[in-house]
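See below for the structure under consideration.
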Amino acid sequence: MLVEMDEHRKELEKKTKPILETLRSYQDLPPDKALAALAIEDKKRQYAAAEKYLEDVLHSALSTSE
């Protein structure tokens with residue numbers, strides 16, 4: 001069960017790492033703040049969705065092991 005949970009964690013890290021790198025790249029955006037803010041919020045939503053998915057997978061894995 002722990003191995004399965006670790007595999008899910010690694011999978012999610014693979015999904016979130018590019019998103020975090022993209023967020024870091026937005027620090028160098030041109031001064032159009034409205035478009036930059038929209039792009040950043042979109043990436044934050046994607047990151048939050050990936051984190052929620054990880055939590056759901058971990059909770060379901062823990063509940064099935066009990």
Side-chain angles (χ1 to χ4, degrees):
M1 185 56 63
L2 289 176
V3 172
E4 182 180 324
M5 288 172 49
D6 187 51
E7 289 172 2
H8 284 294
R9 182 189 58 82
K10 288 178 183 177
E11 177 183 325
L12 288 173
E13 283 180 350
K14 287 180 186 177
K15 289 181 182 179
T16 57
K17 187 174 181 179
I19 297 170
L20 287 174
E21 290 173 1
T22 303
L23 284 173
R24 286 187 195 104
S25 72
Y26 286 126
Q27 292 175 349
D28 299 325
L29 285 174
D32 187 1
K33 292 182 182 181
L35 291 176
L38 288 174
I40 290 170
E41 288 303 315
D42 182 50
K43 293 300 176 181
K44 285 181 180 179
R45 280 191 289 276
Q46 290 178 8
Y47 184 73
E51 283 187 324
K52 175 145 180 36
Y53 175 75
L54 173 62
E55 287 178 13
D56 292 344
V57 168
L58 291 176
H59 286 297
S60 67
L62 288 173
S63 65
T64 56
S65 67
E66 293 176 352

Study note, to complete from the structure: NE2 (His59) and NZ (Lys52) are apart, to the nearest 0.5 Å, by 8.0 Å
Revision key, fill the gap. CD of Glu13 to CG of Leu20, rounded to nearest 0.5 Å, is 10.0 Å
Check your understanding: What is the minimum heavy-atom distance between Arg9 and Leu54, and which atoms define it?
Key -> CA-CD1, 3.9 Å
Check your understanding: Mind checking whether Val3 and Asp6 have side chains closer than 4.5 Å, heavy atoms only?
Key -> no
Review point. Would you call Arg24 and Glu21 a side-chain contact if the rule is heavy atoms closer than 4.5 Å?
Key: yes
Under 3.5 Å, which donor-acceptor pairs do the side chains of residues 35-50 form with other protein atoms, sequence neighbours left out?
from, atom 1, to, atom 2, distance (Å)
Asp42, OD2, Gln46, NE2, 3.4
Tyr47, OH, Glu51, OE2, 3.3

